[in-house]
Structures are given as structure tokens and as C-alpha cells.
Amino acid sequence: MPEIFLRVTMPDQSKWDVPAKIIADNRAAYYAKIDPETTYEEEFEFTMTDDHELRDWAANNMDWDEVSEHAEKVIEETSIDFQEGWLNGEKVVIEK
């Protein structure tokens, strides 16, 4: 069975994959603690099978520092035409 990840695009356009189980674990632990009528297993499974809940919980209830050690930067194959960029790309002169 394939592993599930939440792919996040950062402001610099880099993409990061966070294992969904880290997010589901966080949510399941929270609900199992505050609601005696639910179990960790039920909440974990629910979160792993509901894309909206997974995205919502991650964005609204977790911080980057809670997942960063598990995140993996996605290295995408590029089809950038560097010759085109060299010929027509914006150029500025800077001092370093």
C-alpha cells in the first residue's frame, strides 16, 4: 500500500512532502484525549481517508516546526530552457 503525503508549496515555490500519518497522529491524539466516546484508531483512520480534514487540520492546528523534521523536499525534474533564459531573461548588474 502506498504511503500518503501532504505536499505543500512554500512561498519560494519549493515543494515539501509531509507524511500524512504525522498529521493524522496529531489529530487522533487530540480527539482521543478530549472525547471519551472516540478512539485514537477511529480518528486516525478518519483523518487518513479524508483529504479535506487532513489539509484543514495541518493548516489550522499544527505549526511547521511540528512537521519539519519529517518533511522531505521534492526534487522535481526541470524542463527549464536555460538558453532562452540566458537570451531573454531579466538581467541586472549588482555588487557583491
Side-chain angles (χ1 to χ4, degrees):
M1 184 188 304
E3 193 169 351
I4 301 169
F5 293 87
L6 180 64
R7 181 165 287 174
V8 181
T9 302
M10 294 298 186
D12 69 352
Q13 299 308 305
S14 64
K15 294 181 186 334
W16 295 79
D17 287 351
V18 176
K21 64 184 178 184
I22 301 302
I23 301 161
D25 173 69
N26 183 274
R27 184 183 179 283
Y30 174 80
Y31 279 108
K33 183 177 173 181
I34 67 162
D35 184 355
E37 294 185 21
T38 190
T39 67
Y40 171 90
E41 292 78 14
E42 290 171 333
E43 292 300 329
F44 184 88
E45 185 64 29
F46 171 72
T47 308
M48 290 294 289
T49 58
D50 188 309
D51 292 355
H52 172 75
E53 191 60 37
L54 189 71
R55 291 189 311 267
D56 181 69
W57 187 264
N60 295 310
N61 298 284
M62 297 183 77
D63 293 325
W64 175 247
D65 62 351
E66 295 176 89
V67 299
S68 62
E69 70 182 62
H70 306 283
E72 183 176 307
K73 188 173 184 178
V74 177
I75 306 300
E76 296 180 334
E77 290 296 319
T78 181
S79 60
I80 297 172
D81 184 345
F82 285 96
Q83 180 62 23
E84 173 65 24
W86 178 250
L87 294 175
N88 298 310
E90 178 185 349
K91 295 171 184 68
V92 295
V93 177
I94 63 167
E95 289 185 23
K96 286 179 121 179

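Values in this document were obtained by computation on a predicted structure and should not be read as measured data.
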If you measure from OG1 on Thr47 to CG on Asp56, what distance do you get to the nearest 0.5 Å? 10.5 Å

So, Trp57 versus Tyr31, ring centres under 6.0 angstrom or not? yes

Examine Val74 and Trp64 and state if one hydrophobic cluster contains both, with Ile, Leu, Val, Met, Phe, Trp and Tyr joined whenever side-chain heavy atoms are less than 4.5 Å apart. no

According to a 4.5 Å side-chain heavy-atom criterion applied to Ile, Leu, Val, Met, Phe, Trp and Tyr, with indirect links allowed, do Val8 and Ile22 form part of one hydrophobic cluster? yes

Could you pull out the closest heavy-atom pair between Ala32 and Thr39, with the gap in Å? CB-C, 4.2 Å

Distance only, no hydrogens: is a donor on one side chain within 3.5 Å (strictly under) of an acceptor on the other, for Glu43 and Thr38? yes

Under a 3.5 Å distance rule, please check whether Glu84 uses its side chain to pair with a backbone N or O of Asp81 as donor and acceptor. no

Rounding to 0.5 Å, atoms CD (Glu42) and CG (Asp35) come to a distance of 9.0 Å

Check for a donor-acceptor pair, side chain of Asp25 on one end and backbone N or O of Lys21 on the other, with a separation under 3.5 Å. no

Looking at Glu66 and Asn61, what are the two nearest heavy atoms and their distance? OE2-O, 4.2 Å

Which heavy atom of Pro19 sits nearest to which heavy atom of Glu3, and what is that distance? CB-OE2, 3.9 Å

Output the distance between atom CZ (Arg27) and atom CZ (Phe46), rounded to the nearest 0.5 Å. 5.5 Å

Are Ile75 and Val18 connected in a single hydrophobic cluster, I mean Ile/Leu/Val/Met/Phe/Trp/Tyr linked by side-chain heavy atoms less than 4.5 Å apart? no

Considering only heavy atoms from C-beta outward, does the side chain of Lys15 approach that of Lys73 to under 4.5 Å? no

Drop me the distance from Thr49's OG1 to Ile4's CD1, to the nearest 0.5 angstrom. 8.5 Å

So, do Leu6 and Asp17 sit near enough that their side-chain heavy atoms are less than 4.5 Å apart? no

Side-chain heavy atoms of Glu72 within contact of Phe5, under 4.5 Å: no

Ala28 and Phe44: which non-hydrogen atoms are nearest, and at how many Å? CB-N, 3.4 Å

If you round to the nearest 0.5 Å, how far is CH2 of Trp16 from CE of Met10? 7.5 Å

Quick one: does any side-chain atom of Asp63 pair with a main-chain N or O of Asp65 as donor and acceptor, under 3.5 Å? no

Rounded distance (nearest 0.5 Å) linking atom CZ of Arg55 with atom CG of Asp50: 8.5 Å

